[in-house]
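In what follows, chains are A, B, ... by sequence order, proteins preceding strands, each numbered from 1. Just so we're clear, the structure is a prediction, and the values are computed from it rather than from any experiment.
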2 protein chains.
Amino acid sequence: MDDFLLTLNIEGFTSRLKRLSDYLLYSTRDLYDELDIAIEPNWNLVIRLLQKNQQMTLMEIADQINFSHPAVVKIIKKMKKRGFVKTQPDQTDGRKQLLLLTPKALKQLPQLEQLWQTQITVLTHLLKDSPNFLTELGHIEEQLKQQDYKQRVLTQLEQ
Amino acid sequence: MDDFLLTLNIEGFTSRLKRLSDYLLYSTRDLYDELDIAIEPNWNLVIRLLQKNQQMTLMEIADQINFSHPAVVKIIKKMKKRGFVKTQPDQTDGRKQLLLLTPKALKQLPQLEQLWQTQITVLTHLLKDSPNFLTELGHIEEQLKQQDYKQRVLTQLEQ
DNA sequence: TATATTTGCGTAACCAGTTACGTATATGTT
DNA sequence: AACATATACGTAACTGGTTACGCAAATATA
C-alpha cells in the first residue's frame, strides 16, 4: 500500500495536511480515553489562555485562538459541564459572560501539565527530522493572512 | 489580534495544523461554489486515481489514499449523483463494484484540469518561503507510520 | 463438503469544525 | 431621547472525516 497522495506532490498537499491533523486529533482523543483523563483535545488552549488572563469572555478566546465563536461555545459548554470552567456575568456589560477556571481545574492542572508535557516531548521528537517545519508553517499562515486563498486563486485565474 | 497559538510553540502544533487544513478545505469549497463548478474538494483524488487505473473498487481507492472506507463511500455517492462516476458489478466477485469515470467527467476534465493547475500554482507560490515543508511533512508521516502517536505517548509516559 | 474466517461495502451515530441566523444589550448618531 | 448600528453569544443546519456494526459473498480449513 504505497501512498498515492505523495505521488500527487503539491496537488496532494491539502489532503495530506487534513489527513495528518485528523489523525493527531483522533489519536489524542483516543489517548485521553484510554488514560481515563476527562479532558478533550483543544481544552489545553482554553486553559492556557485562562491561566494567562484569569478571566476572559468567549469572544476574546475565539479571537485569540482564531476559531469561530460557535466552536468556542461548544468547547466551553463541555468544559462547564465537566466543571473545568465557570461563568460570571460582567458587571458593566450585560451581554458578556466572564469565564474562569474552577478550583477543580486548578487542582487537576499538575496531572494535565505532565500529560501535555509528554505530548510535547513526543511531538518534538517527531519533528526532529523536520527542523524547519514549525517556522515554515508560520510563513504559510502569515502569507494567508496577507491575502486569502480563494482570492489568490481567483486572481490567478484571471491571468 | 495576535495569534495565541503561535506563542504556545509545539503545544499549538496540532491545533495550527487543523486550523490551516480546515481553512484550505472551506476556502476550496467556497471557491468551487463561487465559480459554479459542480465538484467538491477531494474529488480530484478519486479522479486522478481513476485516470491512472481506469477502474477500481471502493476499497482500493480507500487504501491508496489512506481514508477510511466510509469516507470513500460518501465521496463516491456524491460523485455518482452528479454523474462523474458509474459502477459496474465485478464479474468474478459479487461483493465488488468497479468504479469508472463517466464520459461526462472526461468531457469536463480539461476545465477541471485548468482549475486544479491554478490551485497548484497558488499553493506553490504559498510554499515559496517554505521550501522544506513538503519534504518534512513526508518525514512526519513516515515516522508516524513506523510507530503511532498514541503508542509513542504511552511509552514516553512510562519513562 | 460443512463450517469458520475474511473481505467488500453499506449504514448509523459521533465529532469538531464551519456558516447563517436570531436576539438581547451596548454604542453611536442626529 | 430616539433610532440605527454593532457586538456578544446562543442555536441550527451543514460538512467531511471517524469508529462500530451488520450482512452477503468469497476464501480457508476441518
Side-chain angles (χ1 to χ4, degrees), chain A residues 5 14-34 39-46 56-63 65-80 85 87-99 148-150, chain B residues 5 14-34 39-46 56-63 65-80 87-99 149-150:
Chain A
L5 292 199
T14 305
S15 302
R16 280 168 70 186
L17 225 47
K18 174 150 179 60
R19 193 175 59 176
L20 177 58
S21 86
D22 278 352
Y23 171 79
L24 289 173
L25 178 68
Y26 296 135
S27 304
T28 302
R29 218 176 44 201
D30 213 26
L31 174 71
Y32 293 164
D33 270 7
E34 190 156 326
I39 62 165
E40 294 180 28
N42 281 337
W43 288 19
N44 62 327
L45 305 182
V46 176
M56 301 177 75
T57 67
L58 195 146
M59 294 305 286
E60 282 166 355
I61 292 175
D63 249 32
I65 62 178
N66 245 309
F67 281 31
S68 70
H69 87 267
V72 179
V73 169
K74 286 187 190 179
I75 294 171
I76 293 297
K77 209 187 258 177
K78 281 194 203 168
M79 291 183 78
K80 243 164 131 175
V85 140
T87 53
Q88 221 170 56
D90 185 310
Q91 296 303 326
T92 68
D93 189 334
R95 295 166 305 177
K96 293 183 181 173
Q97 287 288 326
L98 295 173
L99 298 167
D148 73 41
Y149 178 74
K150 196 177 78 176
Chain B
L5 293 199
T14 304
S15 301
R16 281 168 71 187
L17 224 49
K18 173 149 181 59
R19 193 174 61 176
L20 176 59
S21 87
D22 278 353
Y23 172 80
L24 290 172
L25 177 69
Y26 296 135
S27 303
T28 302
R29 215 175 47 199
D30 213 27
L31 173 72
Y32 293 164
D33 270 6
E34 190 157 326
I39 60 164
E40 294 180 28
N42 281 336
W43 287 19
N44 61 327
L45 305 182
V46 175
M56 300 177 75
T57 66
L58 195 147
M59 295 305 286
E60 281 166 355
I61 293 175
D63 249 30
I65 62 179
N66 246 311
F67 282 31
S68 70
H69 87 266
V72 179
V73 169
K74 285 187 191 179
I75 294 171
I76 293 297
K77 211 188 257 178
K78 281 194 201 167
M79 290 183 78
K80 242 165 133 175
T87 53
Q88 221 170 55
D90 185 310
Q91 297 302 326
T92 66
D93 187 333
R95 295 166 305 177
K96 293 183 182 174
Q97 287 287 327
L98 296 173
L99 298 167
Y149 177 74
K150 196 177 76 174

* What nucleic acid atoms does B:Arg19 come within less than 4.0 Å of, heavy atoms only: base, sugar-phosphate, or nothing? -> nothing
* **Distance, rounded to the nearest Å, where A:Arg29 contributes CZ and D:dA20 contributes P** => 10 Å
* Structure fact -> Between B:Pro41 and B:Tyr32, the two heavy atoms sitting closest are N-CE1, 3.8 Å
* Quick one: on DNA chain D, does A:Tyr26 or B:Tyr26 contact a more 5' nucleotide (nearest heavy atom)? -> B:Tyr26
* Please state how far atom CZ in B:Phe67 lies from atom P in C:dC9, giving the value in whole angstrom units. => 17 Å
* Test side-chain contact (heavy atoms from CB on, under 4.5 Å) applied to A:Asp90 - qualifying residues, sequence neighbours left out -> A:Thr92, A:Asp93, A:Lys96, A:Leu98
* Structure fact -> Closest to the 5' end of DNA chain C, once A:Thr92 and A:Lys78 are matched to their nearest nucleotides, is A:Lys78
* Structure fact -> Judged by nearest nucleotide, the residue sitting upstream toward the 5' end of DNA chain C, A:Pro41 or A:Gly94, is A:Pro41
* Asked: What string of B, S and - do you get for nucleotides 5-13 of chain D, 5' to 3', when a contact is any protein heavy atom under 4.0 Å?
  -> --BSBBB-B
* **Phosphate OP1/OP2 of C:dG17 contacted by A:Ser68 side-chain N/O (<4.0 Å)** => no
* Asked: A:Ile65 CD1 to C:dA16 C1': how many Å, rounded?
  -> 12 Å
* **Distance, nearest 0.5 Å, that separates CG of B:Leu5 from CG of A:Leu45** => 5.5 Å
* Summary of salt bridge (Lys or Arg N to Asp or Glu O under 4.0 Å) pairs that have at least one residue in residues 15-26 of chain B, sequence neighbours excluded -> A:Glu141-B:Arg16, A:Glu141-B:Arg19, B:Asp3-B:Arg19, B:Lys18-B:Asp22
* Asked: Between B:Tyr23 (OH) and C:dT18 (C1'), how many Å, whole number?
  -> 14 Å
* Asked: Which whole-number value in Å describes the distance from B:Ile75 CD1 to C:dT11 P?
  -> 16 Å
* Asked: Rounded to the Å, how far apart are B:Leu25 CG and D:dC14 P?
  -> 17 Å
* Report the distance from atom CH2 of B:Trp43 to atom C1' of D:dG17, rounded to the nearest whole Å. => 17 Å
* Return the value, rounded to whole Å, for the distance between atom CG of B:Asp33 and atom P of D:dT15. => 10 Å
* To do: Check side chain to side chain donor-acceptor pair (under 3.5 Å) between B:Tyr26 and all other residues, then give those that pass, not counting sequence neighbours.
  => none
* Asked: C:dG17 phosphate, OP1 or OP2: any side-chain N/O from A:Lys18 under 4.0 angstrom?
  -> no
* Asked: Which residues pass the side chain to side chain donor-acceptor pair (under 3.5 Å) test with A:Glu60, sequence neighbours left out?
  -> none
* Contacts of type side chain to side chain donor-acceptor pair (under 3.5 Å), residue A:Ser15, not counting sequence neighbours -> B:Asn42
* State whether B:Asn42 places a side-chain N or O below 4.0 Å from either non-bridging phosphate oxygen (OP1 or OP2) of D:dT15. => no
